[in-house]
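Each remark here refers to the structure printed beneath this line.
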Amino acid sequence: MWKFKRPRRGDVSTLTLRLWDFTGMALLNLFVWLAALVYLSPLTYMFITSVKTSEQLSDPSAPILPARPVMYEYEGRSRYVYYVPTESGERQWALVDSDRSGAFFVDPQNPEAGLIRWEGSWRTLRRVYEPHWEFGNFVTLWERIEYPRLLRNTLILVFLGEIGVLASSIAVAYGFSRFPIPGGKYLFLLLIATIMVPDSITLVPTFFIYANLLDWLRSFTNTSAIYYIPLLLPHFFGSAIYIFLLRQNFKAIPRDLDEAAMIDGASPLRILISIILPQAVPTVVTVGLLHFFNAWNEMRMASLFLGVSRERTIGFSAQAFQSYGFTPEFLQASALMLMIIPIIVLFLAQRFFMQDMVVTGIEK
Amino acid sequence: MKFSIPARSGADESDASVKRLSLSRYSARVGFLFILPWVIGFILLKAIPILAALVFSFTSFNMLHPENIRFVGLQNYLAILHDRDAGSSLFGSIGYFVLAVPIEMIAALGLAALFNSDWLRGKRLLRTLFFMPSIIPAMAIFFIISGLVSPGSGWINRLIIEPLDLPPPAGLYMLFPIIFALWTIGPGFLIMLGAMQSIPREIYEAARVDGAGPIMRFVSITIPMISPAIFFSLVINMITSFGGVALLDRGLPYSQSLSPMESYIAYQMFSFLNLGYASALAWVMFLVVMGITVAIFRSARYWVHFPEEDENVEI
């Protein structure tokens, strides 16, 4: 019977063993890299479609890669070049004129020869394409959706939320990790439990309250800034999952140093800032990044409250792109412009982010 | 958290114990001050809204005529029983949970197991690449998948079905939840991989000496050792599959949630401004999700091996 097993050392030569290991390694790498390729393959559709011209997209016989139709200038007008089957093989001729029974072409290689009459239905002919990447789509989109303005609004929102969520979550995590709060254990369990509470249950009352609050505020001011309140306010009370991650990390920091500082008369806030935080930088960065991604993608509150505001976020505007009647290339370009910044941030910060998710994941 | 318990026998009222008592009282107050933001947030943003939703659910509260509010008892809940859309969206939500969570868990666990091998090259880049789709905004994913599956010009049609002359598939739109689930494995994958890498090598060596093969080692060492991480990712994936936000927000508005029940609640709320009925629906969903959560936490004692905690180290 066959046994697919690495041979034992001693039974075979070292060379055989090495070959065996090399095959295993090659197969594993091939498999994982191929899996990554397949996993990310839908993204190629987005990249490729976003640099196509709308002309190519409306032609069903066009090639699948970005290209544009080959044109030929004849008698002051641009003409499409087609693959034309003739008795002497397939030719690439430019269409000049057509009638019921056929069409007139001109040979771009030999324009002096004049018009060539071809019998048949020219509509069945395929156009000639040349590779072309239409990066102009991004420029058009940049202006059409006021990208800089969306970007500015989103970044303001991310930045303010970041300050609120980090300050409050760090403080709360510090409180839970270092102080003998009576019933603290149960409060912390309550905090964990709130992570599981579905948003829908709080949606109805909170929407009602915010809607009334905004109505009331509108009677004083007409700025768009008030619509950001529902998107920002909750962050200033800390986020349960971030508090959980930070607390796990703070607890792992030895207490010797902060006890020594306490004896020297350092205040609790001082201990947090000069002793705990410097040792918790990776976790704080991780939480900051998580909030960046979440605030960038945030749609729930935005879709409820930014509808009447002029100052929208990029995520919220994207929702409307489909109804703007965007053609596929603009839709895909907008998808790319929507996701490119979080991805750049992920790649820049991956060293921090990846490591710390790993560390905090170990203990529940 | 260390409780410095002041002398328990009340007879011993020495100076030192009084000092320690007041110190611990002082630090309890400071600690409470630090957690105050969360406590206020909990009361204002969680406790009151949840209770308010419960109260609303017994009334005929409508946003258009807030003055006509009146108590209707269980009428909203009885209406849910006769509401076909409510039933099907609830089953849809549970269905997405049942479909997506196993896909996410198995894909993440399998990937983590492959990454745990010393033979794999370019791990850092690969890790980021596999994580990347988990932060892509949902809208972008919608645009991409719609482009792939659209009949006629969609790439699946042009690249797979037409060249192979296959019959037009019926369930192509099923790719939406599947790709969504597969593109959400990032956090779970990192958590499980981290746990796997912290397993001491000696345990594997010992098992190898005893003649355990790779599959045996995976099932009887890796899985039990990383069971807390599996549990943690299971909880995270569960929350996400019901439309909640745990660790990463995909940016789906309520009206387009992958969990149909959530969209249905938003629909009742914003199309009919029927806050009473929407609250009743939300409470039904809340109870279902809490039921599943409790079941998962209860089951943990049978399959999750939490590391032995030190006596002195409380939560």
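First the proteins, then the strands, lettered A, B, ... as listed; each starts at 1.
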Give the minimum heavy-atom separation between [X] and [Y], together with the two atoms involved.
X: B:Ala28; Y: A:Pro180; value: CB-O, 3.4 Å
X: B:Met290; Y: A:Met196; value: CE-O, 3.5 Å
X: A:Pro205; Y: B:Phe56; value: CA-CE1, 4.1 Å
X: A:Leu331; Y: B:Phe143; value: O-CD1, 3.5 Å
X: A:Met339; Y: B:Pro137; value: CB-CD, 3.6 Å
X: A:Val32; Y: B:Phe115; value: CG1-CE1, 4.3 Å

Among [options], residue most engaged with chain A (heavy-atom pairs, under 4.5 Å):
options: B:Ser150, B:Gly147, B:Ser117; answer: B:Gly147
options: B:Pro37, B:Ala282, B:Gly243, B:Gly41; answer: B:Pro37
options: B:Thr293, B:Leu129, B:Leu111; answer: B:Leu129
options: B:Leu114, B:Ile265, B:Ile145; answer: B:Leu114
options: B:Leu126, B:Ile50, B:Ile239, B:Ile156; answer: B:Leu126
options: B:Met192, B:Arg250, B:Met238, B:Met285; answer: B:Arg250

Against chain B, label [X] side chain, backbone, both or neither, depending on which of its atoms sit under 4.5 Å from a heavy atom there.
X: A:Ala26; value: neither
X: A:Ile343; value: both
X: A:Ile48; value: side chain
X: A:Thr44; value: both
X: A:Tyr210; value: side chain
X: A:Ala349; value: neither
X: A:Leu187; value: both
X: A:Glu298; value: both
X: A:Phe316; value: neither
X: A:Leu269; value: both
X: A:Ile243; value: side chain

Apply side-chain contact (heavy atoms from CB on, under 4.5 Å) to residues A:Tyr39 and B:Ile185 and explain how you reach the verdict.
CA-CA 11 Å; A:Tyr39 189 63; B:Ile185 62 171; 3.4 Å; yes
Heavy-atom pairs under 4.5 Å with chain B: which of [options] has the most?
options: A:Phe326, A:Phe207, A:Tyr174; value: A:Phe207
options: A:Tyr45, A:Phe293, A:Phe31, A:Phe236; value: A:Tyr45
options: A:Leu28, A:Leu233, A:Leu203; value: A:Leu203
options: A:Leu304, A:Asn294, A:Leu190; value: A:Asn294
options: A:Ile64, A:Leu40, A:Leu57; value: A:Ile64
options: A:Thr49, A:Leu191, A:Ile241; value: A:Leu191

Which region of [X], side chain (C-beta onward) or backbone (N, CA, C, O), has a non-hydrogen atom less than 4.5 Å from a non-hydrogen atom of chain A, or is it both or neither?
X: B:Thr128; result: both
X: B:Ser279; result: both
X: B:Leu182; result: both
X: B:Phe32; result: both
X: B:Phe142; result: neither

CG/B:Leu252 to CE/A:Met299 distance, rounded to the nearest 0.5 angstrom?
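With rounding to 0.5 Å, CG (B:Leu252) is 7.5 Å from CE (A:Met299).
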Would you give the length of the straight line joining atom CD1 of B:Ile35 to atom CD1 of A:Ile181, rounded to the nearest 0.5 angstrom?
4.0 Å
Within residues 187-207 of chain A or reaching into it, pairs that qualify as side-chain hydrogen bond (donor to acceptor under 3.5 Å, both in side chains) - sequence neighbours excluded:
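Every side-chain hydrogen bond (donor to acceptor under 3.5 Å, both in side chains) pair that includes a residue of residues 187-207 of chain A, provided the two are not neighbours, is A:Asp199-A:Arg300, A:Ser200-B:Glu262.
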Please tell me if the side chains of [X] and [Y] come closer than 4.5 Å, counting only heavy atoms from C-beta onward.
X: A:Phe347; Y: B:Leu125; answer: yes
X: B:Ile236; Y: A:Ile195; answer: no
X: A:Pro42; Y: B:Trp183; answer: yes
X: A:Trp296; Y: B:Asp249; answer: no
X: A:Ile201; Y: B:Pro49; answer: no
X: B:Trp38; Y: A:Ser168; answer: no
X: A:Met25; Y: B:Arg121; answer: yes
X: A:Leu272; Y: B:Phe34; answer: yes

What residues, two or more places apart in sequence or in another chain, satisfy salt bridge (charged side-chain N to carboxylate O under 4.0 Å, His left out) together with B:Arg29?
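Result, salt bridge (charged side-chain N to carboxylate O under 4.0 Å, His left out) vs B:Arg29: none returned.
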Please confirm whether A:Phe237 and B:Phe42 have ring centers closer than 6.0 angstrom.
no
Aromatic contact between B:Phe232 and A:Phe244, with the criterion being ring centroids under 6.0 Å apart: yes or no?
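Between A:Phe244 and B:Phe232, which both carry aromatic rings, the centre distance is below 6.0 Å.
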Expected output: side-chain A:Tyr242 to main-chain B:Leu247 donor-acceptor under 3.5 Å
no
Decide side-chain contact (heavy atoms from CB on, under 4.5 Å) for A:Leu43 and B:Ile136; before the verdict, give the C-alpha distance in whole Å, the side-chain angles of both, and the deciding distance to 0.1 Å.
CA-CA 11 Å; A:Leu43 295 178; B:Ile136 295 179; 4.0 Å; yes
